[in-house]
Amino acid sequence: MNVKWELPKETTQRKVDLMELKGNRMLRHLHPSVIEVLYNRGYKTEEAITDFFDNDPSKTHNPLLMMDMEKGISYVIEAMNQNKHIVIYGDYDADGASSTAIAVLALRELGAHVDYFINNRFDHGYGIKPEGVDDLLKEFPTVDMIITVDNGIVAYEGIDYAKEKGIDIIVTDHHDPHPSGKMPDALAVINPKRPGDEYPFKGICGATVIYKFMLALYYELDKDLDYVEEMMDIVGMATIGDVMPLHDENRIFVKQALDLIADGTRTAFTKLVEKTNIATVNEEMFGFKFVPMINAPSRLLGKIDLAVDLFLSEDESEMEEIIDKLISLNEERKELTSIQEDIAMGMIQSLGDQPVYVLFNKDFHEGIVGLVAGRIKESFHRPTIVLTEHKGIAKGSGRSIEGFHVTDALHETSETLIGFGGHALACGMSLDVTKVDELRDKLSEMAESQLTEEDMTPKVKVDSMVSANDITLDYIDELDTLRPFGQGFEKPVLQLSNFEVGSHLYMGKEKVEKDKKHVKLMGKGKLSIVMFKYADTYRNLQSPKFVNTIGYPAINVYKNNVSIQFMVQNDYIRKA
């Protein structure tokens, strides 16, 4: 896959702005390259940069700005005063599990009679549905009120059915409403994306919405807010897990989450850190360790209750047992994902290049299709939907690229679908197996009209150019102050210029050197360049004396020796 590398456009205004910022006495503690990274990310004044580093929790937005918030609080207080049975209706992903745990913990602390129910991924699918309500009633026949978390905004049928059963409904969600603006018929519908809602930041996850609800509830009841505020650790994990943009208050939530976990505030997280041998508590811990583990039981077994119970448990030995199960399930999930990714790649080879990939195979595992779709989207930079068959119905997940709002596209072809929902970049759906080809044709037609060749070429923007002398341990520490990295604020991309190659070493398990897939380039100082999988790219350069490359620096510790490695992104290495 070709990648378009984009250097910053050197306009006169940019040069003037950067010169002023780098000369600003309040910012002189920052390396010029770090200032340039922030400038390129939209932080173009001293005030903006200073505000970026200010992660005071008091800067988060007032929950009461959300439409129906006060109304929802009054109904919950009334329900608690009458000792009504409240059931939290969650979703089966990390955000849904986090949202459920927050709601149950906060309400139980207030003495509420509360339980939770989460759909089985395979039996019910996403969101509150009539069949889900029936199963909830079998488990909790005395339920008086349902509070949805991370779902419900377009669940008209399920909510109407619950009301017919005499159950009061409050919806809390963060997903996109129906384009028509139609709201479900609930006592309160709390979602910052509602038309006319005045909440200033729309990019929060479901866990943040219910966290805000509980914060406002505690405030109204004049209860200790610290109990809820310490749930920012769970909110931070959900924010990373649901790939929310790391702007505005989301940065504060993730930063506070990491501080709380480092301080050992919640035993469940302390046990997770210990059991997974986490060396550095940062946002990558969430994305690469905890969130996949939280999602694993749902992906393989259909139910995510195990992950919710980890956070509800007060027994340390029970927590350890749950974590061991999560680790085991996640290892099984990894192996299955790798196998199914190979199947998908084989299908793509036979399909050839297409504007949208819609892959249907009965052998795909229903809990893995979203992961496979994500891998295909990353590999080919095309909107991708991966479907399997369950009880005669094609069910699956999609992942998209900028420029193609996949859920809006599904709205336009809704006549081919049984159900669907999601965001601009991710979706879930079900349809009759006979309609898969029709769905593929319609989505391809839409993509061809909406996407240009440039849209389908991944772009990597270079944030700053550095030399070997710039990259020191202090510089890496300074780059780390920009964390958390993730959606909307990715890890900085640096161009290392004129690196003088002293020697090189090919690495890998292969016995013959010419077949080794990795290469390490050593320079004069402690800095080396490491390139995984693309050793042939360097071989083709025929051992140049100086190279330019693009990537990110990292500290390497081996046998108590500390060195700095510049990790090359993709295969970008050129003669200088």
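Below, all heavy atoms of this structure are taken into account, side chains as well, without hydrogens, waters or symmetry copies.
- Residue S400 holds its OG atom at 10.5 Å from CG of D408, rounded to the nearest 0.5 Å.
- Looking only at distances, no side-chain donor or acceptor of D248 sits under 3.5 Å from a matching main-chain atom of N250.
- Between the R333 side chain and the A296 main chain, no donor and acceptor come within less than 3.5 Å of each other.
- Checking S313 against E318 by side-chain atom types alone, a donor-acceptor pair falls below 3.5 Å.
- Although no hydrogens or angles enter the test, the distance criterion places no donor-acceptor pair under 3.5 Å between the side chain of R121 and the main chain of G302.
- A side-chain contact (heavy atoms from CB on, under 4.5 Å) with P492 is found for one member of V34, L38, D463 and no other, namely D463.
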- Task: For ring pair (Phe, Tyr, Trp, His ring centres under 6.0 Å), just list the numbers for H390 and F364, CA-CA rounded to whole Å, side-chain angles, deciding distance to a tenth of an Å, and then say yes or no.
- Result: CA-CA 10 Å; H390 181 75; F364 284 139; over 10 Å; no
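- In this structure F288 satisfies the ring pair (Phe, Tyr, Trp, His ring centres under 6.0 Å) test with no other residue, sequence neighbours excluded.
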For a quick test of your reading: what N or O donor-acceptor pairs under 3.5 Å do the side chains of residues 109-118 make, sequence neighbours left out?
| unit_1 | atom_1 | unit_2 | atom_2 | d |
| --- | --- | --- | --- | --- |
| D115 | OD2 | H85 | NE2 | 2.7 |
| Y116 | OH | D305 | O | 3.4 |
| Y116 | OH | D309 | OD1 | 2.8 |

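- The number of heavy-atom neighbours closer than 6.0 Å to CD of E314, taken from other residues, nucleotides and ligands shown, is 12 or below.
- For the pair D173 (side chain) and N151 (backbone), a donor-acceptor distance under 3.5 Å is present.
- Among residues two or more places apart in sequence or in another chain, the salt bridge (Lys or Arg N to Asp or Glu O under 4.0 Å) test is passed with D197 by K202.
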Can you list, pair by pair, the side-chain donor-acceptor contacts under 3.5 Å of residues 86-94, counting residues two or more places apart and other chains?
| unit_1 | atom_1 | unit_2 | atom_2 | d |
| --- | --- | --- | --- | --- |
| Y89 | OH | N119 | OD1 | 2.4 |
| Y92 | OH | Y126 | N | 3.3 |
| D93 | OD1 | D95 | N | 3.3 |
| D93 | OD1 | G96 | N | 2.7 |

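- The existence of a salt bridge linking D56 and K59 is excluded, since no basic side-chain nitrogen approaches an acidic carboxylate oxygen closer than 4.0 Å.
- Smallest separation of non-hydrogen atoms from Y199 and F201: CD2-O, 3.1 Å.
- The ring pair (Phe, Tyr, Trp, His ring centres under 6.0 Å) analysis of residues 210-231, with sequence neighbours excluded, yields the pairs Y211-F253.
- Minimum heavy-atom separation, A97 to I294: CB-CG2, 4.3 Å.
- At least one donor-acceptor pair closer than 3.5 Å links the side chain of N191 to the backbone N or O of H175.
- Rounding to the nearest 0.5 Å places CD1 of I252 at 12.0 Å from CG of L246.
- Ionic pairing of K138 and D135 is present here: one or more N-O contacts between side-chain nitrogen and carboxylate oxygen are shorter than 4.0 angstrom.
- The backbone N or O of P484 lies less than 3.5 Å from a partner atom in the side chain of R251, making a donor-acceptor pair.
- Note on K435 versus D432: no salt bridge recorded, every NZ/NE/NH1/NH2 to OD/OE distance being 4.0 Å or above.
- At least one donor-acceptor pair closer than 3.5 Å links the side chain of S414 to the backbone N or O of H411.
- Of the possible donor and acceptor atoms, one in the side chain of S449 sits under 3.5 Å from a partner among the backbone N and O of M446.
- For F489, the ring pair (Phe, Tyr, Trp, His ring centres under 6.0 Å) criterion is met by F52, not counting sequence neighbours.
- Shown here is E445, whose CD atom has no more than 12 heavy atoms of other residues, nucleotides or ligands within 6.0 Å.
- Atom CG of D226 has more than 12 neighbouring heavy atoms from other residues, nucleotides or ligands inside a 6.0 Å radius.
- Heavy atoms of other residues, nucleotides or ligands lying less than 6.0 angstrom from CD of E157 number 12 at most.
- The distance from atom CD of E415 to atom CG of L417, rounded to the nearest 0.5 Å, is 8.0 Å.
- Proximity of a side-chain donor or acceptor of K377 to a complementary backbone N or O of L425 within less than 3.5 Å is not detected.
- In this structure, a donor-acceptor pair under 3.5 Å is absent between the side chains of Y75 and D168.
- Using a cut-off of 4.0 Å between Lys/Arg side-chain N and Asp/Glu carboxylate O, E6 and K459 are scored as not salt-bridged.
- For the pair D263 (side chain) and T265 (backbone), a donor-acceptor distance under 3.5 Å is absent.
- For I35 against L27, the heavy-atom pair with the smallest separation is CD1-O, 3.8 Å.
- Counted within 6.0 Å of CD on E220, heavy atoms from surrounding residues, nucleotides or ligands total 12 or fewer; the atom is thus considered open.
- Between E283 and the options K491, K289, R483, K255, a salt bridge (Lys or Arg N to Asp or Glu O under 4.0 Å) holds for only R483.
- Other residues, nucleotides and ligands contribute only 12 or fewer heavy atoms inside 6.0 Å of the NZ atom of K223.
- Around CD of E46, the count of heavy atoms belonging to other residues, nucleotides or ligands within 6.0 Å exceeds 12.
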- Checking side chain to side chain donor-acceptor pair (under 3.5 Å) for the pair S298/N295: CA distance, chi angles, key distance, verdict? CA-CA 6 Å; S298 164; N295 282 329; over 6 Å; no
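- Around CD of E490, the count of heavy atoms belonging to other residues, nucleotides or ligands within 6.0 Å exceeds 12.
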